[in-house]
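Take a look at the structure set out below.
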Number of protein chains: 2
Amino acid sequence: MTGGAEVPREASLDVIQRELTAFARRARAAAARVHPELPLVSYTLLAHIDGQRGCRATDLATHYLLDKSTVSRQVATLERLGLVERRPAPDDHRVQVLHPTEAGAEVLASAQTSRLAAYQERLRDWSADDLAQFAAYLLRYNTASPSGLPDSSPH
Amino acid sequence: MTGGAEVPREASLDVIQRELTAFARRARAAAARVHPELPLVSYTLLAHIDGQRGCRATDLATHYLLDKSTVSRQVATLERLGLVERRPAPDDHRVQVLHPTEAGAEVLASAQTSRLAAYQERLRDWSADDLAQFAAYLLRYNTASPSGLPDSSPH
DNA sequence: CCGGTTCAGTTGTATAGTACAACGGTTATG
DNA sequence: CATAACCGTTGTACTATACAACTGAACCGG
C-alpha cells in the first residue's frame, strides 16, 4: 500500500475529496449516536473553550470559520445548559471571556472519553504507526492555509 | 515524520478525532464557497446517482446512513432543479430508478472540476506519494465497518 | 385468492446549524 | 469629540436532518 508513487495525483485527489466529504456527511450522525446529549458543534466549541482556558466568542468564530451569530447562539445554548459561563472582561467591556463550568468540564470529559472509545474501537486494527501517520496527514491537511481555497467572496 | 512508532496510540486517536471533526465542521462551508449553486448533500447524491448509472432512493439512504425522508426531499430538490429524473421500474412498481439528466451530468461535471481544483490547490505542496497514502488512509477509515461505532439502537 | 407483513417512497412536524443583515454598546483613533 | 472599528445579540430565512404516520405495491402463508 505504501508502494512506489504509481498512483496519479488526480486519482488520489478524487479519493480524498470523496472520502473527506463522506466523512463529513456521517460525522454529525455518528457524533449524535455517540453522545446524544451534547451536539457536535456545542461539543467542539466547549472543547475549544476548555482547551484555551477561556476565550472570546470572536475567537471561536474566526477559528472555526463560523459567523458570529452562530457562535453567539451556540454559546447561549451552552450557557443555558449550564456548561459554560461568561465573565465580562474587566479591561474591555465589549468582550465576554468564556469558561467551562464545573458541570461543563465534566460533561466534556465524559464526551471525550466515549468519543475516544468509539474511535479506539473503530481504529482497533490499525498499527500505531499508521495511526500516527494518518493523524499527521490530517493535521497537515487542516493546518494548510485555508487561503488555498477560494475563500474570499465575502458575499 | 514517518519515524519509528514513537507516538502513542491514544495521542494519535485524539488528533484524528479532533482533526476529522474540524474538517467536518468546515466541509459544508467550504463546499458552499466552491460551488454555491449545488449544496453539498445534493452534490454528493447526484454524484452517486451518476456513478451508479441509476440507483434507487433506498440505496442512497443506506449507503449514506440517511433517513429515507431526507433522501426523498433531496431527490425532490434535484428533480425540481432538473438535474435528475425518476423512471418507474417496470418490474417493481414501488421503486423509482434515478438517473441524472443531461443538465445534471453537466452541472456535476462542472462541480467536480471546480472542487477538484480547490483540492488541487490546497494540496499543491503534497507529493504524489503522500497524496496516495492519505487517500488510502481515508478510504480505509471510511470503509471500516461502521459497526465499530455504537451504531445499533434502532430507537 | 385473501390477509398480514414487508418494502419504497412521501409528507407532517420538529430540531440543529448556519448565514446575512440590522442593531446597540464599547473602545480606539484622528 | 466624532467617526470608525469592534463585540456581541437578535430577527429572519434556509438547508439538512430525523422520527412518525401514512399510501401503495409486492410478497407469503394458508
Side-chain angles (χ1 to χ4, degrees), chain A residues 21-22 24-33 35-46 49 55-81 84 86-98 151 153-155, chain B residues 21 24-33 35-46 49 54-81 84 86-98 151 153-155:
Chain A
T21 307
R25 217 182 311 101
R26 299 178 182 192
R28 184 169 318 191
R33 280 199 302 278
H35 218 272
E37 294 315 301
L38 190 59
L40 175 63
V41 176
S42 305
Y43 166 80
T44 309
L45 295 186
L46 179 55
I49 292 168
C55 72
R56 306 174 307 159
T58 296
D59 298 337
L60 294 174
T62 59
H63 189 72
Y64 293 125
L65 307 179
L66 294 172
D67 192 80
K68 349 175 247 173
S69 64
T70 301
V71 173
S72 175
R73 288 183 230 269
Q74 291 289 338
V75 170
T77 300
L78 286 171
E79 191 188 28
R80 208 176 329 113
L81 294 171
V84 305
R86 328 188 194 201
R87 306 183 190 155
D91 52 320
D92 188 337
H93 238 236
R94 291 173 300 182
V95 313
Q96 305 168 346
V97 183
L98 305 170
D151 195 357
S153 71
H155 304 289
Chain B
T21 307
R25 216 182 314 100
R26 299 180 183 191
R28 185 169 320 191
R33 281 198 301 278
H35 218 270
E37 294 316 298
L38 190 60
L40 175 63
V41 176
S42 304
Y43 166 80
T44 308
L45 296 186
L46 180 55
I49 291 169
C55 72
R56 305 176 306 159
T58 297
D59 298 336
L60 294 173
T62 59
H63 189 73
Y64 293 124
L65 306 181
L66 294 172
D67 191 79
K68 1 176 236 169
S69 64
T70 301
V71 173
S72 175
R73 288 182 230 268
Q74 291 288 338
V75 169
T77 301
L78 286 171
E79 191 188 30
R80 208 178 327 113
L81 294 171
V84 304
R86 328 190 194 200
R87 305 182 191 158
D91 53 319
D92 188 337
H93 240 234
R94 289 174 302 185
V95 314
Q96 305 168 346
V97 183
L98 305 170
D151 195 356
S153 72
H155 301 292

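Proteins come first, then strands; the chains are lettered A, B, ... in the order of their sequence lines, and each starts at number 1. Only this structure's heavy atoms are used, side chains among them; waters, hydrogens and symmetry mates stay out.
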Between P of dA16(C) and CG of L81(A), the distance in whole Å: 10 Å
dT9(D) OP1/OP2 closer than 4.0 Å to side-chain N/O of S72(A): yes
Shortest non-hydrogen contact between L98(A) and A57(A), atoms and distance: CD1-N, 4.0 Å
Sugar-phosphate, base or nothing in reach of T58(B), heavy atoms under 4.0 Å: sugar-phosphate
Smallest separation among heavy atoms of A89(B) and V95(B), with atom names: CB-CG2, 3.1 Å
Working for side-chain contact (heavy atoms from CB on, under 4.5 Å), residues L66(B) and L60(B): CA-CA 8 Å; L66(B) 294 172; L60(B) 294 173; over 6 Å; no
Angle between terminal axes - the helix from dC1(C)-dG30(D) to dC23(C)-dG8(D), 5 pairs each end, rounded to 10°: 20°
Atom-pair distance (CD on E79(B); C1' on dT11(C)), nearest Å: 16 Å
Spacing between L66(A) atom CG and dT15(D) atom P, to the nearest angstrom: 19 Å
Y43(A) OH to dG17(C) P, straight-line distance once rounded to whole Å: 14 Å
Side chain of K68(B) (C-beta onward), nearest among dA18(D), dT10(C), dA22(C): dT10(C)
Rounded distance (Å) that lies between atom C1' of dT10(C) and atom CD of Q96(B): 9 Å
Nearest-neighbour nucleotide for the R73(B) side chain, dG9(C), dC19(D), dA19(C) considered: dC19(D)
Point-to-point distance, once rounded to the nearest 0.5 Å, from CG of D92(B) to CZ of R56(B): 8.0 Å
Full working for side-chain contact (heavy atoms from CB on, under 4.5 Å) between Y64(B) and L45(B): CA-CA 9 Å; Y64(B) 293 124; L45(B) 296 186; 3.4 Å; yes
Distance in angstrom units between D67(B) CG and dC22(D) C1', rounded: 14 Å
Side-chain donor/acceptor of S72(A) to backbone N/O of K68(A), under 3.5 Å: no
Dump every N/O contact between nucleotides 27-30 of chain C and the protein below 3.5 Å, one line per pair.
residue: dT27(C); atom: OP1; partner: H93(A); partner atom: N; Å: 2.3

Under-4.0 Å side-chain N/O to phosphate OP1/OP2 contact, R86(B) with dT10(C): yes
Distance in Å, D59(B) CG paired with I49(B) CD1, rounded so as to fall on 0.5 Å steps: 10.0 Å
Taking every non-hydrogen atom, the tightest pair across A76(A) and R86(A): CA-NH2, 3.4 Å
Nucleotide nearest R56(B) when distance is taken to its side chain, options dA8(C), dA18(D), dT18(C): dA8(C)
Any S69(B) side-chain N or O less than 4.0 Å from OP1/OP2 of dT10(C): no
Closest non-hydrogen atom pair, V41(A) against Q74(A): CG1-CD, 3.7 Å
Spacing of Q74(B) atom CD relative to dG9(C) atom P, expressed in whole Å: 15 Å
Length of the CG-P vector between L60(A) and dG8(D), whole Å: 9 Å
